[in-house]
Structures are given as C-alpha cells and as structure tokens.
Q: 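Input: one structure, supplied below.
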Amino acid sequence: MKPKPNALSWLALSIVVIVLDQLSKWWALTALAPAGTPHPVIPGFLNWTLAFNTGAAFSFLASGDGWQRWFFVLLAVVISGVLVVWLSRTPRGDWKTAMPLGLIVGGALGNLIDRLHASQVTDFIHVYFRQWNYPVFNLADCGITVGAVMLVVFGMFQGKPKA
C-alpha cells in the first residue's frame with residue numbers, strides 16, 4: 001500500500017521565512033546602525049530601529065548570565081523537531097495545519113541562527129502609537145506569531161471530524 005503524501009513539502013515555506021528573515025536582519029545591521037536610532041517609516045506608527053535581544057519575546061530572561069542562550073537554542077530545536085514530525089503526519093493538502101507549522105518552524109530557525117551566530121537576536125521593526133510602544137521584533141517573530149494565531153483560529157473554526 002502506497003503511503004499518503006505528507007506535508008513536509010511545506011518546509012519550503014520555512015526556508016522562505018528563514019531566507020527573508022536573515023536577509024532583513026543583514027540589511028538592518030548594515031543600514032540601521034547605531035542600535036536604538038529610530039528611522040521613521042510611517043511617522044507616529046512605525047520605525048526601523050536596530051535592537052538586540054538575548055532573551056525571548058518581550059526580552060523575557062534577557063538579563064540572565066548567558067545560560068538563556070542555550071536554553072532558547074534547545075527550545076527552538078525541540079519545538080522545530082516536534083513540528084516537523086507533526087508535518088510528517090499531516091496530509092499534504094491540509095494547508096490549514098501545514099502552513100502555520102511551516103511559518104513557526106521558519107521563524108524559530110531564523111532566530112536560532114542568530115543565537116548560534118551572535119548569542120543574540122537582531123530585531124528592527126518598531127510599532128508604536130503616542131506613548132505606547134510594542135517591543136521591537138523581526139520577521140522570524142512575525143512567522144512564529146502569525147503561524148501560532150493561524151493554528152488557533154483554524155483550530156477553533158474547524159468542523160467536527162466525520163465519523
């Protein structure tokens with residue numbers, strides 16, 4: 001019996017996310033220095049601002065003594081591995097599961113590359129409004145966030161399986 005095609009081909013989306021993420025971070029490092037200097041894109045709403053994060057989202061654990069680097073490396077490897085296994089067990093046509101997983105894996109590996117190469121993640125997208133500031137982030141973070149939201153939304157509105 002021939003096995004059904006799985007969704008591992010969606011890892012191509014992960015590669016696209018990784019490439020775009022790494023190219024955008026290279027651009028940010030070369031065009032936006034020094035760190036912390038805002039470059040207005042949409043005044044009053046969006047700046048390109050080079051920043052570095054040794055922690056996770058919202059600088060979680062950024063003040064650690066360096067152990068957090070390896071913690072987040074291990075976490076990214078384990079989560080990516082679990083998601084790749086999930087993709088291997090997902091039918092190729094199930095894009096509502098495969099696309100979000102591909103985005104999350106790409107984002108996780110994009111930030112993993114930074115942690116392994118520079119011990120920190122390069123961020124540069126700064127959204128704000130008046131006194132409100134969202135933490136600076138990058139395209140890998142977008143992949144993770146959009147993928148996670150898609151998984152939740154598609155999961156909430158998925159019909160009950162037919163018996």
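Basis for what follows: all heavy atoms, side chains included, without hydrogens, waters or symmetry-related copies.
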Q: Within the distance-only criterion (no hydrogens, no angle test), does the side chain of Asn47 pair as donor or acceptor with the backbone N or O of Pro38 below 3.5 angstrom?
A: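 Side chain of Asn47 to backbone of Pro38: no pair is present.
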Q: Parallel, tilted or perpendicular: which fits the ring planes of Tyr134 and Phe137, with parallel below 30° and perpendicular above 60°?
A: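 Correct class here is perpendicular.
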Q: Counting only N and O atoms by type, is there a donor-acceptor contact under 3.5 Å from the side chain of Thr145 to the main-chain atoms of Cys142?
A: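 No; judged by distance alone, with no hydrogens or angles, the pair does not exist.
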Q: Ignoring hydrogens and geometry, is there a side-chain-to-backbone donor-acceptor pair from Thr49 to His126 under 3.5 Å?
A: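 Checking the backbone N and O of His126 against the side chain of Thr49, no donor-acceptor pair under 3.5 Å is found.
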Q: Do Leu13 and Val105 have side chains that get closer than 4.5 Å, going by heavy atoms?
A: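 The answer is no, as the side chains (C-beta and beyond) never meet within the 4.5 Å cut-off.
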Q: Side-chain heavy atoms nearer than 4.5 Å, only ILVMFWY residues, links allowed to pass through others: does that put Ile113 and Val77 together?
A: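 The answer is yes; both residues are in one hydrophobic cluster.
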Q: Distance-only, no hydrogens or angles: does the Thr30 side chain make a donor-acceptor pair with backbone N or O of Trp27 under 3.5 Å?
A: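 Confirmed, Thr30 side chain pairs with Trp27 backbone.
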Q: Sort out for me which residue in Leu29, Leu139, Val19 forms a side-chain contact (heavy atoms from CB on, under 4.5 Å) with Ser24.
A: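 Only one option passes, and that is Leu139.
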Q: According to a 4.5 Å side-chain heavy-atom criterion applied to Ile, Leu, Val, Met, Phe, Trp and Tyr, with indirect links allowed, do Ile144 and Leu151 form part of one hydrophobic cluster?
A: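 No: no chain of side-chain contacts under 4.5 Å links Ile144 to Leu151.
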Q: Please give me the minimum heavy-atom distance between Pro91 and Ala7, naming the atom from each residue.
A: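 Looks like O-CB, 3.8 Å.
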Q: Can you tell me if Asp21 uses its side chain to pair, donor with acceptor, with the backbone of Ala140 under 3.5 Å?
A: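 The answer is yes, because a donor-acceptor pair under 3.5 Å joins these two groups.
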Q: Val136 and Leu46: same hydrophobic cluster, using ILVMFWY side-chain contacts below 4.5 Å?
A: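 As far as the 4.5 Å side-chain criterion goes, Leu46 and Val136 are not connected within one cluster.
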Q: Let me see the working for Asn138 and Asn111 under side-chain hydrogen bond (donor to acceptor under 3.5 Å, both in side chains), right down to the final yes or no.
A: CA-CA 9 Å; Asn138 59 46; Asn111 282 340; 3.2 Å; yes
Q: Hey, are the side chains of Asn53 and Gln120 touching, using non-hydrogen atoms and a 4.5 Å cut-off?
A: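 Side-chain contact under 4.5 Å: no.
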Q: Are Val17 and Ile15 in one and the same hydrophobic cluster, where Ile, Leu, Val, Met, Phe, Trp and Tyr link if side-chain heavy atoms are under 4.5 Å apart?
A: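 No; Ile15 is not reachable from Val17 via cluster members.
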Q: Can you find a heavy atom in the side chain of Asn6 that is under 4.5 Å from one in the side chain of Arg89?
A: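 Answer no - side chains too far apart.
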Q: Find out if a path of hydrophobic residues (ILVMFWY) with successive side-chain heavy-atom gaps under 4.5 Å connects Phe45 to Phe124.
A: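 Yes, one cluster joins them.
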